[in-house]
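Structure, as structure tokens:
To find a chain, count down the sequence lines: A is the first, B the second, and so on, and within it residues start at 1.
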There are 2 protein chains.
Amino acid sequence: MRESPSTGTRPVARPAPLRQAVYDALAELIANGTLRPGQHLVESDLAEYLGVSRQPIREALQRLQGDGWVELRPAHGAFVHTPTEEEIVQLLGVRSVLEAYSAHGAAQHAIPADIARLRELQAAGEAALAADDARGLVDANTAFHSYLVHISGNKVLADLISQVERRVRWYFMPTALPRGTDAWAEHASVIAAIADGDAECAQRLMRDHTERTTEFYRQDAVTPAQAPVG
Amino acid sequence: MRESPSTGTRPVARPAPLRQAVYDALAELIANGTLRPGQHLVESDLAEYLGVSRQPIREALQRLQGDGWVELRPAHGAFVHTPTEEEIVQLLGVRSVLEAYSAHGAAQHAIPADIARLRELQAAGEAALAADDARGLVDANTAFHSYLVHISGNKVLADLISQVERRVRWYFMPTALPRGTDAWAEHASVIAAIADGDAECAQRLMRDHTERTTEFYRQDAVTPAQAPVG
DNA sequence: GGCGGGTACATTGCATACAAGGAGCGTTTA
DNA sequence: TAAACGCTCCTTGTATGCAATGTACCCGCC
């Protein structure tokens, strides 16, 4: 995570692995609601719809299962995962401790350039907030948290957070942003703690931040696709 | 996690999904060192070796990648993952926060029967320790931590911990057990905190416990396959 | 009218076949 | 002799085909 962006050898263009494209397409179809929770995904239908054979479909479905998007019942096929209220709360709880740990590590490893970058992302988030740009706000939020774990340098943590984050983003569709103002103010305080190199403080602030988001969710929104980001 | 053991409908016998058997076989081959880190896994070779076609092999490899056992470089194939010192430390760090959170949840949700079960597992661990039974100790340790997250009732957490735990178990082969005595004493204090319903205390004790294990590892063992469990 | 059985269909699981891409190696030439 | 080119083989990626299994519907029987 600490390496320069050009570390991964990517000469000029990659041959475009088909299963990856299928994965992205299906994940998007699930995230935007085209494929509804509980729906039975028939391999041949998907294959025809996407214009490929069943093989890449199958491989994509396996990965989708691994990431919690679908359930693969043996000999029955794939079903779009139906998130329960309980599961969402659990997911938010796990995200909270992981993000807190991420902030802890970031405070320990951040260099001045990282702080500057965080402030840029913060500014971008506030701009999106001012513009009532829900989509931009979600992106900025993701970028902020993702850069935090990048700073921490913990690849294992980055993997786990990205798994959790993807599912959280699914449940928390980019429609409502009532918590945006508070959330980004809290981001600012986290940045301050990281700039001070105070790992404990950053960790505590981040935990408070994400727990407030969780609490906000538990009180208000009940159904996915209309909850805040944070 | 809280449901009765008979919840999952399992009529009489399951048809044994082949890809699952392949996954287990390959994971075992990697864990016990038959397939060495960095080794190139050729699909057709594995297929012939296991007596199946390439299809189940491919599907198993995808899952193995998702769980961090192999790396799948597009157009190059699968390579057994080579764990770095840095990655192991990161893995232990993540495990620490997840297990602490698990203990926190367990303290909140434990019922008397759970406490009793934990004490049984504790006794089993101490028995294995007394008998210098490394394998039994590893199993008991896994059972202990896995029952904790079961008590917490957090399925998402259980999934993540199991992912991390599998990899930790790979690196920490069941050979040495110098930290066993301290580790199980610390387990006992965690149980006490859970019995008291003191979530904060349980969380803190568990974090201290796993962080001590991490520190123990960083000081002593450097190579996998000869480190303690905890 | 309700229940049981049987058949046909739909879908998954697995195997095989084909095509494309890359790596390694040998040969050839300057 | 060294370097560059080209070729061949190997491996992966994708597609198609076949068999087994589970499901649903329909018909017949009680």
Side-chain angles (χ1 to χ4, degrees), chain A residues 8-27 29-30 34-67 69-82, chain B residues 8-27 29-30 34-67 69-82:
Chain A
T9 61
R10 194 176 298 172
V12 172
R14 46 182 179 182
L18 198 46
R19 60 175 172 230
Q20 180 63 35
V22 172
Y23 175 92
D24 293 338
L26 292 180
L29 288 174
I30 294 174
T34 304
L35 300 175
R36 316 189 74 85
Q39 180 173 345
H40 185 194
L41 301 181
V42 179
E43 295 174 357
S44 33
D45 292 352
L46 296 175
E48 186 181 7
Y49 179 67
L50 295 177
V52 298
S53 79
R54 278 178 53 210
Q55 173 92 0
I57 299 287
R58 284 180 66 87
E59 298 184 355
L61 287 176
Q62 313 254 345
R63 275 193 56 202
L64 287 167
Q65 178 189 36
D67 293 347
W69 293 96
V70 306
E71 295 164 22
L72 236 51
R73 292 190 280 191
H76 285 239
F79 297 81
V80 178
H81 177 63
T82 303
Chain B
T9 61
R10 194 175 301 172
V12 172
R14 46 183 177 182
L18 196 46
R19 59 177 173 226
Q20 180 62 35
V22 172
Y23 175 91
D24 293 338
L26 291 181
L29 288 174
I30 294 174
T34 304
L35 300 175
R36 316 189 74 84
Q39 180 172 345
H40 186 194
L41 302 181
V42 178
E43 296 175 357
S44 33
D45 292 351
L46 296 175
E48 187 181 8
Y49 179 67
L50 295 176
V52 298
S53 79
R54 277 177 54 208
Q55 172 97 358
I57 299 286
R58 283 181 67 86
E59 297 183 355
L61 286 176
Q62 312 252 346
R63 274 193 57 202
L64 287 167
Q65 179 190 35
D67 292 349
W69 292 97
V70 306
E71 295 164 22
L72 235 52
R73 291 191 280 190
H76 286 238
F79 297 80
V80 178
H81 177 64
T82 303

Task: Qualifying residue for side-chain contact (heavy atoms from CB on, under 4.5 Å) with Pro56(B), from Leu18(B), Leu46(B), Leu50(B) - done: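 So the option named by the test is Leu18(B).
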Task: Positive for side-chain contact (heavy atoms from CB on, under 4.5 Å) with Leu41(A), one of Leu64(A), Leu35(A), Ile57(A), Leu72(A) - done: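 One option only clears the test, and that one is Leu35(A).
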Expressed in angstrom and rounded to an integer, what is the separation of [X] atom [atom1] from [N] atom [atom2]?
X        : N       : atom1 : atom2 : answer
Tyr23(B) : dC14(C) : OH    : C1'   : 21 Å
Glu48(B) : dC10(D) : CD    : P     : 14 Å
Leu61(A) : dT11(C) : CG    : P     : 14 Å
Gln55(B) : dC18(D) : CD    : P     : 16 Å
Glu43(A) : dT16(D) : CD    : C1'   : 14 Å
Ile57(A) : dT11(C) : CD1   : C1'   : 14 Å
Leu72(A) : dT12(C) : CG    : P     : 9 Å

Of all the choices, [options], which nucleotide is nearest to the side chain of [X] once you look at every atom?
X        : options                   : value
Leu18(A) : dT14(D), dT12(C), dA23(C) : dT14(D)
Arg19(B) : dA15(D), dG13(C), dG13(D) : dG13(C)
Ser53(B) : dG13(C), dA23(C), dT16(C) : dT16(C)

Open item on the list: Give me the atom names and distance for the closest heavy-atom approach of Gly38(B) to Thr82(B).
Closed with: N-OG1, 3.2 Å
Could you check whether any side-chain heavy atom of [X] comes within less than 4.5 Å of a side-chain heavy atom of [Y], counting everything from C-beta outward?
X        : Y        : value
Gln55(B) : Glu59(A) : no
Arg19(A) : Gln62(B) : yes
Leu61(A) : Tyr23(A) : no

Under 4.0 Å between a side-chain N or O of [X] and OP1 or OP2 of [N]?
X        : N       : value
Arg58(B) : dG13(D) : yes
His76(B) : dA23(C) : yes
His40(A) : dT12(C) : yes

TODO: Select base, sugar-phosphate, or nothing to describe what Leu41(A) touches, counting heavy atoms under 4.0 Å on all strands.
DONE: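 The answer is sugar-phosphate, as Leu41(A) gets under 4.0 Å only of primed atoms, P, OP1 or OP2.
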- [ ] Take Glu59(B) and Arg54(B), find for each the nucleotide of DNA chain C with the closest heavy atom, and name the residue whose nucleotide sits nearer the 5' end.
- [x] Glu59(B)
Task: Glu48(A) atom CD: more than 12 heavy-atom contacts under 6.0 Å - done: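 It does not: Glu48(A) CD has 12 such atoms or fewer within range.
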- [ ] Please confirm whether any donor atom in the side chain of Arg73(A) sits under 3.5 Å from an acceptor in the base of dG22(D), or the reverse.
- [x]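 No, no donor-acceptor pair under 3.5 Å.
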Open item on the list: Let me check the geometry of the helix from dG1(C)-dC30(D) to dA30(C)-dT1(D). What is the bend angle between the axes at its two ends, five pairs each, to 10°?
Closed with: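 The angle, to the nearest 10 degrees, is 0°.
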